[in-house]
Protein chains: 4
Amino acid sequence: MARVIDETKLVRVHEAAMELIVEKGYAGASIFLIAKKADVSEGYLYRFYKGKEQLVNSLLDNTLKEVSEILDTYFDKHESAITIMEGLLSAICKIAEKKPVQIKFIFVMLSSYNFTASEDIKNNMIETLNKLLIIGQKQNVIDENVSVDHFFTMLIIYPIQFINFRLKQFLRKGTFSRKDKKSLIEFVTETLKK
Amino acid sequence: MARVIDETKLVRVHEAAMELIVEKGYAGASIFLIAKKADVSEGYLYRFYKGKEQLVNSLLDNTLKEVSEILDTYFDKHESAITIMEGLLSAICKIAEKKPVQIKFIFVMLSSYNFTASEDIKNNMIETLNKLLIIGQKQNVIDENVSVDHFFTMLIIYPIQFINFRLKQFLRKGTFSRKDKKSLIEFVTETLKK
Amino acid sequence: MARVIDETKLVRVHEAAMELIVEKGYAGASIFLIAKKADVSEGYLYRFYKGKEQLVNSLLDNTLKEVSEILDTYFDKHESAITIMEGLLSAICKIAEKKPVQIKFIFVMLSSYNFTASEDIKNNMIETLNKLLIIGQKQNVIDENVSVDHFFTMLIIYPIQFINFRLKQFLRKGTFSRKDKKSLIEFVTETLKK
Amino acid sequence: MARVIDETKLVRVHEAAMELIVEKGYAGASIFLIAKKADVSEGYLYRFYKGKEQLVNSLLDNTLKEVSEILDTYFDKHESAITIMEGLLSAICKIAEKKPVQIKFIFVMLSSYNFTASEDIKNNMIETLNKLLIIGQKQNVIDENVSVDHFFTMLIIYPIQFINFRLKQFLRKGTFSRKDKKSLIEFVTETLKK
DNA sequence: TATGAATGAGCCTTCATTCAT
DNA sequence: GATGAATGAAGGCTCATTCAT
C-alpha cells in the first residue's frame with residue numbers, strides 16, 4: 001500500500017492560504033509562500049485543487065458556508081428573532097476570537113470584485129435572512145422600516161467590518177475583547193429594533 | 001500650456017488605475033493595461049511614482065483625503081451635528097452617483113490588509129469624528145452609548161459597504177438610486193440617534 | 001504464474017507508451033497517462049527501467065529489432081533478392097495493418113535527433129542490407145548504380161514514410177489498404193530495379 | 001523615441017529555436033535555452049508570439065512556405081517538368097548545404113503527430129504537385145503509373161529523409177556533399193521516369 | 001511486490017521596471 | 001520630457017521520480 005493521505009496537511013494548506021491572503025492579498029499569497037508556510041511541497045495542493053483560484057474559491061465557500069450554517073442552526077432551534085440574531089452575532093464574535101483568520105479572510109474576499117460567494121450559499125443566506133426579518137418585525141424586535149438590504153448589511157456586514165477595523169488596528173490596538181463583543185451585539189440589535 | 005497637458009495625463013492614469021483595480025484587483029491592474037487605458041506610455045508614471053505600489057497608495061490617500069475634507073468642510077461650516085452628518089452622507093452618496101469608481105476603490109482598498117490610509121489622514125479623520133461625536137451627543141442627536149468605533153463604522157464604513165453591495169449586485173440589481181440615498185441617510189442617522 | 005501476470009503488465013505499459021508517444025509526442029506522454037492507460041501504478045515501470053527515457057529507448061530498440069529480425073529471417077530463408085525485399089515490404093505493411101502503432105512509433109522516433117537506434121541493431125541491419133544489395137545487383141533486380149544509402153532509404157524509410165503520411169492524412173483520408181500495399185511494393189521494387 | 005526594434009534578435013530567436021528543437025525535440029527546447037542561445041531575454045519572444053507553440057508553428061509554416069515558393073517559382077518559370085523537378089531538388093539540397101537546420105527542422109516537425117503544415121501551404125503544394133505530375137507524364141519524364149502519393153513522397157519526403165539520415169549520421173559521417181546532391185537528383189528523377 | 005502520495009526541479013508565461021532613444 | 005523595447009525575477013503549474021507502506 002502507498003503512503004496514506006495526511007489530512008493535517010490539507011488543513012495546514014488552508015490555514016496558510018487564508019493567512020497569507022489576509023496578510024498579502026490574493027496575488028501576494030504565492031503558491032511558494034503558501035506551501036512553505038504549510039510545510040508542504042509546492043505541487044501538493046494541485047492534488048486537491050485545479051489551481052490557486054479554485055483553492056481560494058473553495059476556501060471562501062467553506063468559510064461562508066460555516067457562517068450560513070450557524071445562522072440556519074439558530075434559525076431552526078429558536079423561535080425568538082432576538083435570540084437568533086444574538087446567537088448569530090455571538091457566533092461570529094466567537095469565530096473572531098478563536099479563528100480570527102476566518103473573519104479576516106471573509107472581510108478581504110467579500111470586498112473584492114473578483115471573488116463572490118457561490119450562488120447557493122448566497123441564496124440560502126438571503127432566504128433565511130428574509131424569513132428572520134419578517135419574524136423579527138412580527139415579534140416587534142425589528143423596526144418596520146428596516147429593508148432587507150439594511151438588515152443584511154447591519155447583521156452580517158457591519159459586524160465583520162467592525163471586528164476587522166479593530167483587528168486591522170485602524171482606530172486602536174488590534175484585539176477584539178469580550179467587552180467589544182457585548183457592545184457589538186447590543187449596538188446591532190438596538191439599531192435594528194429602532 | 002505644457003503643464004496643462006501633463007495634468008490631464010496624470011489624471012487619466014489615476015482614473016484608469018482606479019477603474020482597473022476595482023474591476024480586476026490590484027494584481028490584475030497591470031501597468032500595461034493602466035497605461036493603455038490612460039493612453040499614456042508604460043514608462044510615464046515612473047516619472048511621478050516610484051512604482052505601482054506607490055501609485056496605488058497615493059491614490060488611496062487622495063481619495064480618502066477627499067472624503068476627509070468633505071467632513072472637515074461640513075464640520076467647519078455648520079454647527080448642527082445632524083446637518084454635518086447628513087451632509088457627509090449626502091456627499092458620499094453623491095460621489096457614488098457621480099464617480100462610483102471612487103467609492104468602489106475605497107471599498108476595495110479599505111478591506112485589504114496590504115494597504116492602509118496614511119497616518120495623517122487617519123488621525124485627522126478620527127479627530128474630527130471624535131469632536132463630532134461629542135457635539136452630536138451634546139445636541140442629543142447621537143445616543144450616549146455610541147462609542148467612537150461604532151460611530152466611525154456606522155458613519156463611514158456602513159455607507160460605503162451598503163453602497164458597494166448594491167453596486168456589486170450582491171443582493172439585487174446594481175444601481176444606487178435617489179430612494180436608496182434617502183433610505184441610507186435616514187437609517188444611519190436614526191441608528192445613531194437611538 | 002506470477003511471472004505471467006507481470007509480463008502482461010509490462011506489455012501493457014509498452015503499448016500504452018507507444019500509443020501515447022505517437023498521439024501526444026514524447027513530452028505529452030506522461031508517466032501518469034501511460035500508467036493509467038496500462039492500468040498500472042506510476043511507480044511500476046521504475047522496477048524495469050531507470051526512467052522514462054530508458055523506457056522509450058528500449059521500446060525503439062525492440063521495435064526496430066523486430067523489423068531487423070524480419071529482414072534477417074527472410075534473408076536466411078530465401079535466395080532470391082526480390083523475394084526477400086518483397087517479403088520485407090510485405091511484413092512492414094502487415095505491421096502497418098495489424099499494429100499501426102508500431103509503424104507510427106518508428107516513424108515518430110526515427111525522425112528525432114534525440115533518439116537513435118542502438119549501434120548493434122543499426123550495424124546488423126546495415127550489414128544485412130549491404131549483402132542483400134550485392135546479391136540483388138548480381139541477380140539483376142537492383143540497378144548497378146543504387147548506393148547503400150539509397151537502398152536503405154528506399155527499402156526501409158520510404159515505406160515507413162509513405163504509410164505514415166497516409167495514416168497522418170497528409171494527402172488524403174487516413175487508411176492503408178491492400179491496394180496501397182501492392183502499389184507500395186511494386187513502386188519500391190521497380191524503383192530499385194532501374 | 002523608444003529603442004528601435006532589433007530585427008537581428010528575432011532572427012536569432014528563430015534560429016536558436018529551430019536548432020534546439022532539432023537537437024532536443026520540442027519539449028527539450030525550453031524557452032530558457034532558446035533565449036540563452038539567441039542571447040535574448042526570456043520574455044522577448046512573447047512580444048511577437050503568444051507562446052512557444054505559436055512560435056514553432058510559425059517557424060514550421062515559414063520554412064515550408066519557403067520550399068513551397070521555390071516549387072512555385074520553378075513551376076512558373078519553366079515548361080519542362082524535368083527542369084522543374086531538378087530545380088526543386090537542387091534548391092532543397094542547397095538549403096541542406098547552406099542552412100541545414102531548416103531541413104532538419106522540417107524533418108523533425110513533419111514526423112510529429114502534434115504539428116502539421118497549415119492547410120494553405122499544404123493545399124498549395126499539393127495543387128502544384130498535381131499539375132506538375134500531369135505535365136511530367138505528358139512530357140514522358142514521369143511514368144504513367146506513378147500516383148500523386150508516390151510522386152509527393154518521392155519528390156519531397158524522400159530527399160528530406162535521405163539528407164537527414166546523412167546528417168543524422170545514421171549510416172555514415174554526417175555531411176551532405178556535392179556528389180550526394182548529384183546522386184540524389186539522379187536517383188529521384190530516374191525513379192519517377194520509370 | 002506494487003502502489004500512489006508526495007516531492008521539487010524546471011517549465012511556460014507575465015509584468016513591473018529600466019533605459020536607450 | 002516621453003516612449004516603448006527589452007529585461008528578468010517571480011509566478012502558477014506539471015510531471016518524472018522517490019519511497020513509505
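Per chain, numbering begins at 1; letters A, B, ... match sequence-line order. Fair warning: this is a prediction, and the values are worked out from it, not measured in the lab.
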(request) Could you check D:Glu53 against B:Phe32 and say which one's nearest nucleotide on DNA chain E is further toward the 5' end? (result) D:Glu53

(request) Report the residue (C:Ser30 or B:Val40) whose heavy-atom-nearest nucleotide on DNA chain F is the more 5′ of the two. (result) B:Val40

(request) Measure the distance from OH on D:Tyr49 to P on E:dT14 and round it to the nearest whole Å. (result) 16 Å

(request) Establish, with yes or no, whether the OP1 or OP2 oxygen of E:dT3 is under 4.0 angstrom from a side-chain nitrogen or oxygen of C:Lys9. (result) yes

(request) Using atom CG of A:Leu45 as one end and atom C1' of E:dA5 as the other, report the distance to the nearest whole Å. (result) 14 Å

(message) Check this for me: does any side-chain nitrogen of one of B:Arg12 and B:Glu15 sit under 4.0 Å from a carboxylate oxygen of the other?
(response) no

(message) Would the distance check show the side chain of B:Lys9 and the main-chain N or O of B:Ala38 forming a donor-acceptor pair, the cut-off being under 3.5 Å?
(response) no

(message) Which nucleotide wins on minimum distance to the side chain of B:Ile31, given the candidates E:dT13, E:dA16, F:dC13?
(response) E:dA16

(message) Whole angstroms only, please: what is the CG-P distance between A:Leu20 and F:dG12?
(response) 11 Å

(request) Grab the NZ-C1' distance between B:Lys36 and E:dA16 for me, whole Å please. (result) 17 Å

(request) Rounded to the nearest angstrom, tell me the gap between atom CZ in D:Phe48 and atom C1' in F:dT7. (result) 13 Å

Result block: side-chain N/O donor-acceptor pairs under 3.5 angstrom for residues 18-25 of chain B, not counting sequence neighbours:
residue : atom : partner : partner atom : Å
B:Glu19 : OE1  : B:Lys37 : NZ           : 3.3

(request) Could you pick out which residue, C:Ala27 or A:Ala29, lies toward the 5' side of DNA chain F when each is mapped onto its nearest nucleotide? (result) A:Ala29

(request) Calculate the interatomic distance between C:Ile34 atom CD1 and F:dT17 atom C1'; express it in whole Å. (result) 13 Å

(request) Quickly work out the A:Arg47 CZ to E:dG8 C1' distance and round it to whole Å. (result) 14 Å

(request) Give DNA chain F the dot-bracket treatment, 5' to 3': Watson-Crick (N1-N3 with N6-O4 or O6-N4) or G-U (N1-O2, O6-N3) under 3.5 Å, [ ] crossing, | other strand. (result) .||||||||||||||||||||

(request) Give the nucleotide from the list E:dA16, E:dT1, F:dC13 with an atom nearest to the side chain of B:Lys52. (result) E:dA16

(request) Check whether any side-chain heavy atom of D:Met109 sits under 4.5 Å from a side-chain heavy atom of D:Thr116, and report yes or no. (result) no

(message) Of the listed nucleotides (E:dG4, E:dC12, F:dA2), which one gets closest to any side-chain atom of B:Tyr44?
(response) F:dA2

(message) Please report whether the ring centroid of C:Phe115 lies less than 6.0 Å from that of C:Tyr26.
(response) yes

(request) State whether the distance check finds a donor on one side and an acceptor on the other, under 3.5 Å, for side chain A:Glu42 versus base F:dC13. (result) yes

(message) Quick check on DNA chain E: between D:Tyr46 and C:Asp39, whose nearest nucleotide comes earlier from the 5' end?
(response) C:Asp39

(request) Measure the shortest side-chain to side-chain distance between C:Ser58 and C:Asp61 over non-hydrogen atoms and say whether it is less than 4.5 angstrom. (result) no

(message) Can you confirm whether D:Val108 sits close enough to C:Ser111 that some side-chain heavy atom of one is under 4.5 Å from a side-chain heavy atom of the other?
(response) no

(request) Looking at every strand, decide which applies to B:Gly43 at a 4.0 Å heavy-atom threshold: base, sugar-phosphate, or nothing. (result) base

